[in-house]
Amino acid sequence: QVQLVESGGGLVQAGGSLRLSCAASGRTFGIYTMGWFRQAPGKEREFVAYINWSGGNTNYADSVKGRFTVSRVNIQNTVYLQMNSLKPEDTAVYYCAADRGRIATSKSQMYDYWGQGTQVTVSS
């Protein structure tokens, strides 16, 4: 089993920044892709970003491209999501997820493990 714990959420004004962290523990060997997803009230969970094991392959949702940056430090088993120029529509619970598959994907159903989520609220 793999445990994922997110942190770094909070309340920020529009235009501000936050950095989310996701710490992985347990049987982390073999995890290939780490992803970030979010879910706003009344909406379905949506893809935000992913990063593969080496960090050489990243992908972002169009809505966050150019504002968010995903990175990872494997020796620390930690993934980060730097969020800049935040907008009220970025308000959501943000989830970290881990996938053992060899093909990086933005499809939430392909991820094997999930964190409990961290709330991000952006005020206008």
Side-chain angles (χ1 to χ4, degrees):
Q1 284 291 341
V2 174
Q3 294 78 43
L4 303 174
V5 179
E6 302 98 333
S7 60
L11 173 64
V12 64
Q13 289 187 333
S17 298
L18 283 175
R19 188 177 80 156
L20 305 183
S21 300
C22 173
S25 62
R27 299 182 63 183
T28 58
F29 179 80
I31 290 178
Y32 185 72
T33 304
M34 297 294 294
W36 285 98
F37 294 80
R38 66 186 182 186
Q39 187 167 19
K43 296 187 177 181
E44 294 187 352
R45 188 173 299 186
E46 65 174 1
F47 167 74
V48 175
Y50 70 59
I51 185 168
N52 73 335
W53 176 253
S54 69
N57 181 15
T58 60
N59 191 26
Y60 299 89
D62 288 342
S63 59
V64 307
K65 202 170 292 183
R67 300 187 298 122
F68 290 12
T69 303
V70 61
S71 61
R72 66 192 296 170
V73 180
N74 288 336
I75 195 170
Q76 297 175 347
N77 287 328
T78 302
V79 178
Y80 300 97
L81 185 67
Q82 178 67 43
M83 306 185 295
N84 298 328
S85 302
L86 283 161
K87 305 175 181 179
E89 49 264 44
D90 293 319
T91 295
V93 177
Y94 283 71
Y95 297 91
C96 171
D99 176 22
R100 294 189 181 277
R102 283 301 182 182
I103 300 176
T105 179
S106 60
K107 298 179 179 180
S108 61
Q109 62 267 34
M110 302 303 292
Y111 283 77
D112 302 295
Y113 306 99
W114 291 83
Q116 82 289 349
T118 185
Q119 177 70 46
V120 171
T121 303
V122 184
S123 62
S124 57

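Owing to the predicted nature of the structure, the values given are computational and were not obtained by experimental measurement.
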Should Asp90 and Lys87 be marked as a salt bridge (charged side-chain N to carboxylate O under 4.0 Å, His left out) after you check the CA-CA gap, both sets of side-chain angles, and the distance that decides it? CA-CA 5 Å; Asp90 293 319; Lys87 305 175 181 179; over 6 Å; no
Dump the intermediate steps for side chain to side chain contact (heavy atoms under 4.5 Å, CB included) on Trp53 and Asn74, then the final yes or no. CA-CA 8 Å; Trp53 176 253; Asn74 288 336; 3.6 Å; yes
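The two residues Val93 and Gly117 come nearest to each other via the heavy atoms CG1-CA, 3.8 Å. Summarising the geometry of Ala92 relative to Ala40, their closest heavy-atom pair is CB-N, 3.8 Å, with the distance given to 0.1 Å. The two residues Gln116 and Leu4 make their nearest non-hydrogen contact at OE1-O, 3.6 Å. The minimum heavy-atom distance linking Tyr94 with Val48 is given by the pair CE2-CG2, 4.3 Å. Considering every non-hydrogen atom in both Leu20 and Met83, the closest pair reads CG-CE, 3.7 Å. The two residues Arg67 and Ser85 come nearest to each other via the heavy atoms NH1-O, 2.9 Å.
Under the 4.5 Å side-chain heavy-atom criterion for grouping Ile, Leu, Val, Met, Phe, Trp and Tyr, Tyr60 is connected to Leu18 within one hydrophobic cluster. Phe47 and Val120 are members of different hydrophobic clusters when ILVMFWY side chains are connected at heavy-atom separations under 4.5 Å. In this structure, Met34 is a member of the same hydrophobic cluster as Trp36, with clusters built from ILVMFWY side-chain heavy atoms closer than 4.5 Å. At a threshold of 4.5 Å between side-chain heavy atoms, the hydrophobic network of Ile, Leu, Val, Met, Phe, Trp and Tyr places Val64 and Tyr80 in two separate groups. Linking ILVMFWY residues whenever their side-chain heavy atoms come closer than 4.5 Å, directly or via other members, places Val12 and Leu81 in the same cluster.
With sequence neighbours left out, Thr69 forms a side chain to side chain donor-acceptor pair (under 3.5 Å) with no residue at all.
Between the side chain of Asp99 and the main chain of Ala104, no donor-acceptor pair closer than 3.5 Å is present. No donor-acceptor pair closer than 3.5 Å links the side chain of Thr78 to the backbone N or O of Ala23. In this structure, the side chain of Asn52 engages the main chain of Gly55 through a donor-acceptor pair within 3.5 Å. The backbone N or O of Ser25 sits nowhere less than 3.5 Å from a side-chain atom of Thr28 that would complete a donor-acceptor pair. Glu6 places a side-chain N or O within 3.5 Å of a backbone atom of Cys96 that can act as its donor or acceptor partner. Looking only at distances, no side-chain donor or acceptor of Tyr95 sits under 3.5 Å from a matching main-chain atom of Gln39. In terms of modelled atom types and a separation under 3.5 Å, the side chain of Tyr111 and the main chain of Thr105 share a donor-acceptor contact.
Distance NZ/Lys43 to CZ/Arg38: 8.5 Å, rounded to 0.5 Å. In this structure, OH in Tyr113 is found 4.0 Å from CZ in Arg100, a value given to the nearest 0.5 Å. To the nearest 0.5 angstrom, Ser21 atom OG is 14.0 Å from Arg72 atom CZ. From Gln119, atom CD reaches atom OG1 of Thr91 across 7.0 Å, with rounding to the nearest 0.5 Å. Taken from OG in Ser106 to CD in Glu46, the straight-line distance is 11.0 Å, to the nearest 0.5 Å.
Using bins of under 30°, 30° to 60° and over 60° for the plane-to-plane angle, the ring pair Phe37/Trp114 lands in the tilted bin.
For NZ of Lys107, the number of neighbouring non-hydrogen atoms (other residues, nucleotides, ligands) closer than 6.0 Å is 12 at most.
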